[in-house]
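Just below is one structure, and these are the notes that go with it.
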Amino acid sequence: MTATNAIEIGEDGQAFDLNCFCVPKHYETDLEYVLIPYGVIQDRIERLARDIFQEFGQEPLTALCVLKGGYKFFSDLMDKINQLNCNQGQKSIPVSLDFIRLKSYENDQSSGQIQILGGDNLSTLKGRNVLIVEDIIDTGRTMVKLLSTLERYEPKSVRVASLLVKRREDNDRKPGFLPEYAGFIVPDKFVVGYALDYNEYFRDLNHICVISEEGIKKYSQ
Ligand code: HPA
Ligand code: MG
């Protein structure tokens, strides 16, 4: 695959009125608006699954879910790939799943490496095609470190699927890193929902929303 296809949500993109959607009562005043409704997320993931299915060969794939934010995207993406595996007839891709968490090394910002917690022994990635599944790419620094750290385990190939990619104000409103598979390119605003959190809140919200000032105040640590 060459260029990344993604839905680009403009700076003044559609802001859906919260009153037109269902959101948990406990978050009613903590959100500004709905940026991406749950149904649109599902439709976009259906297409990402098709792109992945078509572009990968028949070789087994290891899908690596980056927790916690990536869990919903991962789960829905895997469901949709499984449906294609069952219903396409021509081919299917055997997929193994693994789950990791990332932790930056303290007092060491120059190593270019990141700590990978949980998951199987990473030496099982040797010779495998790996798909990293992330919720959001913001500065892109974490992803660059993760890719560099995974290289050590000699996978055959590594590709990245991220549901969201942020245009960064400090980068001429361009994304810091563009993955092979991107769901939506979004403005540089703090977004929550669909497993993306603010201090562990808002994962229990289905739509992707922009947090309000009140929400930031209420849930800041
Ligand atoms: N929301 C949630 N988590 C994040 C974000 C965001 O906008 N950017 C980086 N991590
Ligand atoms: Mg994340």
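Nothing here was measured: the structure is a model prediction, and the numbers come from that model. Order of appearance sets the numbers: ligands from 1, and atoms from 1 within every ligand. Numbers here simply count residues along the sequence, with the first being 1.
Of all the heavy atoms of Lys189, the ones lying under 4.0 Å from any atom of ligand 1 belong exclusively to the backbone.
Aromatic rings from Tyr219 and Tyr201 are positioned such that their centres are separated by under 6.0 Å.
Near Asp197, meaning under 4.0 Å from one of its heavy atoms, ligand 1 places the atoms 2 (C), 3 (N).
Transitive grouping of hydrophobic side chains (ILVMFWY, heavy atoms separated by less than 4.5 Å) keeps Leu205 and Ile45 in distinct clusters. There is a path of hydrophobic side-chain contacts, each under 4.5 Å, that joins Tyr27 to Ile216.
If you check the side chains of Glu32 and Ser212, you find no donor sitting under 3.5 Å from an acceptor.
Between Val191 and ligand 1, at least one N/O pair is under 3.5 Å apart.
Close to ligand 1: Leu196, with a non-hydrogen atom less than 4.0 angstrom away.
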